[in-house]
Amino acid sequence: MALERTFSIIKPDAVRRNLIGKIVTKFEEAGLTPIALKKIHMTRAQAEGFYAVHKERPFFGELVEQMIASPVVVQVLEGEGAILKNREVMGATNPANAAEGTIRKEFALSIGENSVHGSDAPETAAEEIKYFFSDEELVG
Ligand code: CMP
């Protein structure tokens, strides 16, 4: 397995409930190291651009509103096979389908307010990291 970097968001529903530490611990315990991490309040333009791939989906408007309602934590996770591992630690998008012990099973409120986002492939990981971080901020 190769050392990879992936992009992760701790979403507003989780930040509001003071779950940053518990969620970062789940990643660290799985061998994923946050090499860059910051708390930001996304603008509407940032959220719409980030989720542009979903703009025709019926949930797009609600998704954007949820993502800009209050601050998020954006981070870059590094580790062996980080892209797939991150998705395993997060669990299924819909918490009703998420496996025991995953972040979404433990913390998500609904399919929309599902506590975390993670890149789904190497290309999206590279794009999403670049969307929020400069090279200088990656201090792995
Ligand atoms: P995320 O991994 O951030 O990618 C897109 C987000 O859209 C997803 O998590 C959910 O928060 C949200 N969403 C809301 N409804 C749906 C749905 N029916 N299917 C997929 N994603 C949804």
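In each ligand, atom 1 is the first atom listed, and ligand 1 is the first ligand listed. Here, residue 1 is the first one in the sequence, and each next residue gets the next number.
Cation-pi check for K38 over F133 is met; the charged atom lies under 6.0 angstrom from the ring centroid and within 45 degrees of its normal.
Look at R16 and E113 and you find a salt bridge, because one of the NZ, NE, NH1 or NH2 atoms lies within 4.0 Å of a carboxylate O, short of that distance.
At under 3.5 Å, a nitrogen or oxygen of G112, whether backbone or side chain, sits near a nitrogen or oxygen of ligand 1. Taking any N or O of I111, backbone or side chain, at least one lies under 3.5 Å from an N or O belonging to ligand 1.
Here is the list of ligand 1 atoms found below 4.0 Å of a heavy atom in R104: 2 (O). Shown in contact with Y51 at under 4.0 Å from a heavy atom are these atoms of ligand 1, numbered in order with element: 1 (P), 3 (O), 4 (O), 5 (C).
F50 has its ring centre less than 6.0 Å from the ring centre of F7.
For the pair R87 and ligand 1, no heavy-atom separation below 4.0 Å is found. Within the structure, the closest approach of K11 to ligand 1 falls below 4.0 Å when heavy atoms are considered.
Considering every non-hydrogen atom in both I83 and P122, the closest pair reads CD1-CA, 3.5 Å. Taking both residues in full, the closest heavy atoms of A14 and S115 are given as CB-O, 3.8 Å, listed atom of the first, atom of the second, then distance.
The protein heavy-atom contact nearest to atom 15 (N) of ligand 1 is F59 CG, 3.4 Å.
When only modelled atom types and interatomic distance are considered, E78 and T33 share no side-chain donor-acceptor pair under 3.5 Å.
Cluster annotation: V116 is not connected to V72 through the hydrophobic network of ILVMFWY side chains, with a link wherever side-chain heavy atoms come within less than 4.5 Å.
Of the heavy atoms in M90, none comes closer than 4.0 Å to ligand 1. Counting heavy atoms closer than 4.0 Å to ligand 1, residue Q66 contributes nothing at all.
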